Amino acid sequence: MEDDYLKNLIKEVNILLSKNLFKDALQFATLNCIKNPKIQTSPFFHNILGLIHLNLKDWETSIKCFEKSIEIDRKFTPAYFNLGIAKYDLGDLKNSYEHFVKVIEFDKENKRAEENIIKILNCIDLDKKENSLTTANHELQKINLDIDFDKKISNEKIIEILNKSKSVISKFIP
């Protein structure tokens, strides 16, 4: 019975979120929490609550919700992923990176987390080389581009840079 209640709650909240009715979704979730306090023990509930606050641009509250979700279930990857998004939105790229890496630890095939890690690695250089993505990032940064930005870059030069990059990436990322 509890599982059905929670599934229906999350379904209804997702419908409201898809319609960009974020305040309605928050009100609906809050009322249901009052009606059935047991849902507060669900990582799914706290994760969806965090998503509502994230959409309302209330990052601090969303972070608390995602952290509560992880506190309930240490392997709940959606909360790690969403925590990475919230931290990214706040400009905390190193912590955002850490949360996306945590997602990869639990779900090695998570392409969305990998894409976000790559996006972050394009913005910052992490000191540690703990996985193939960060190692590839360090190696890519070592490539000498030898570009004169006052002149037009030739197609041959672009192809040369792409081939060097592809060679580095293929060594570290399958």
Side-chain angles (χ1 to χ4, degrees), residues 2-3 6-7 9-11 13-18 20 22 25-26 29 39-145 158 161-174:
E2 284 299 318
D3 287 342
L6 184 61
K7 285 179 187 175
L9 168 72
I10 290 172
K11 182 180 175 183
V13 169
N14 278 327
I15 289 169
L16 292 169
L17 289 176
S18 70
N20 294 329
F22 308 123
L26 180 59
I39 63 174
Q40 289 189 36
T41 61
S42 166
F44 293 97
F45 174 74
H46 290 282
N47 188 59
I48 199 85
L49 202 56
L51 286 171
I52 294 168
H53 285 286
L54 190 65
N55 281 291
L56 289 169
K57 311 267 187 255
D58 182 359
W59 290 280
E60 295 306 318
T61 304
S62 72
I63 288 169
K64 288 176 186 172
C65 292
F66 299 136
E67 288 172 342
K68 180 67 177 172
S69 182
I70 292 167
E71 182 183 311
I72 294 167
D73 181 352
R74 292 273 178 222
K75 295 184 179 182
F76 191 69
T77 57
Y80 285 106
F81 184 88
N82 293 327
L83 195 49
I85 296 292
K87 294 288 186 173
Y88 185 89
D89 285 352
L90 290 172
D92 186 354
L93 300 183
K94 287 190 179 191
N95 275 320
S96 177
Y97 166 83
E98 297 295 332
H99 293 294
F100 289 127
V101 167
K102 198 72 167 169
V103 172
I104 298 295
E105 285 177 22
F106 295 124
D107 179 8
K108 301 207 183 313
E109 301 299 315
N110 193 311
K111 297 299 179 201
R112 289 178 59 212
E114 284 182 0
E115 289 168 3
N116 281 294
I117 289 170
I118 291 167
K119 185 168 42 170
I120 291 168
L121 291 175
N122 281 320
C123 300
I124 62 172
D125 183 22
L126 298 170
D127 296 331
K128 48 187 162 184
K129 298 176 189 174
E130 60 189 40
N131 61 40
S132 59
L133 292 172
T134 55
T135 303
N137 180 56
H138 283 283
E139 294 302 314
L140 285 170
Q141 290 178 8
K142 291 179 185 177
I143 294 175
N144 181 6
L145 300 178
I158 293 170
I161 293 169
L162 287 173
N163 285 335
K164 285 180 182 178
S165 299
K166 187 177 176 182
S167 173
V168 168
I169 291 170
S170 67
K171 288 179 189 175
F172 299 102
I173 303 172

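Only a predicted model underlies this, so the values are computations on that prediction, with no experimental measurement involved.
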Open item on the list: Can you confirm whether Phe76 is buried at CZ, in the sense that more than 12 heavy atoms of other residues, nucleotides or ligands lie under 6.0 Å from that atom?
Closed with: yes
Open item on the list: Does Lys64, at its NZ atom, have more than 12 non-hydrogen atoms belonging to other residues, nucleotides or ligands within less than 6.0 Å?
Closed with: no
Would you check if [X] and [Y] make a side-chain contact, meaning some heavy-atom pair closer than 4.5 Å?
X	Y	result
Val101	Tyr80	no
Lys57	Trp59	yes
Leu49	Leu26	yes
Leu51	Phe66	yes

If you take all heavy atoms of [X] and [Y], which pair is closest and at what distance?
X	Y	result
Ile120	Ser96	CD1-OG, 3.3 Å
Ser62	Ala86	OG-CB, 4.0 Å
Ile85	Phe100	N-CZ, 3.7 Å
Ala25	Leu17	CB-CD2, 4.1 Å
Asn47	Ala79	OD1-CA, 3.4 Å
Ile72	His46	CD1-CD2, 3.4 Å

Open item on the list: Whether Lys119 engages the ring of Tyr88 as a cation-pi pair (distance to the six-membered ring centre under 6.0 angstrom, angle to the ring normal within 45°) should be assessed.
Closed with: yes
If I take atom [atom1] from residue [X] and atom [atom2] from residue [Y], how far apart are they, to the nearest 0.5 angstrom?
X	Y	atom1	atom2	value
Phe22	His53	CZ	NE2	13.0 Å
Phe45	Ser69	CZ	OG	11.0 Å
Lys111	Asn116	NZ	CG	13.5 Å
Thr77	Ile70	OG1	CD1	9.5 Å
Ile48	Ile39	CD1	CD1	11.0 Å
Ile52	Asn55	CD1	CG	8.5 Å

Task: salt bridge (Lys or Arg N to Asp or Glu O under 4.0 Å) between Arg112 and Glu115, intermediate numbers included - done: CA-CA 5 Å; Arg112 289 178 59 212; Glu115 289 168 3; over 6 Å; no
Has [X] got a side-chain atom pairing as donor or acceptor with [Y]'s backbone, closer than 3.5 angstrom?
X	Y	answer
Asn82	Pro78	yes
Thr61	Asp58	no
Asp107	Val103	no

Open item on the list: So that I can tick it off, tell me whether Glu71 and Lys68 are bridged by a salt bridge, with the cut-off set at under 4.0 angstrom between side-chain N and carboxylate O.
Closed with: yes
Open item on the list: Let's go through Asn95 and Leu90 carefully: what are the C-alpha distance in whole Å and the side-chain angles of both, what is the deciding distance for side-chain contact (heavy atoms from CB on, under 4.5 Å) to 0.1 Å, and is it a yes or a no?
Closed with: CA-CA 10 Å; Asn95 275 320; Leu90 290 172; over 6 Å; no
- [ ] I would like to know whether Phe81 and Leu83 meet side-chain contact (heavy atoms from CB on, under 4.5 Å); could you show each step before the answer?
- [x] CA-CA 5 Å; Phe81 184 88; Leu83 195 49; over 6 Å; no
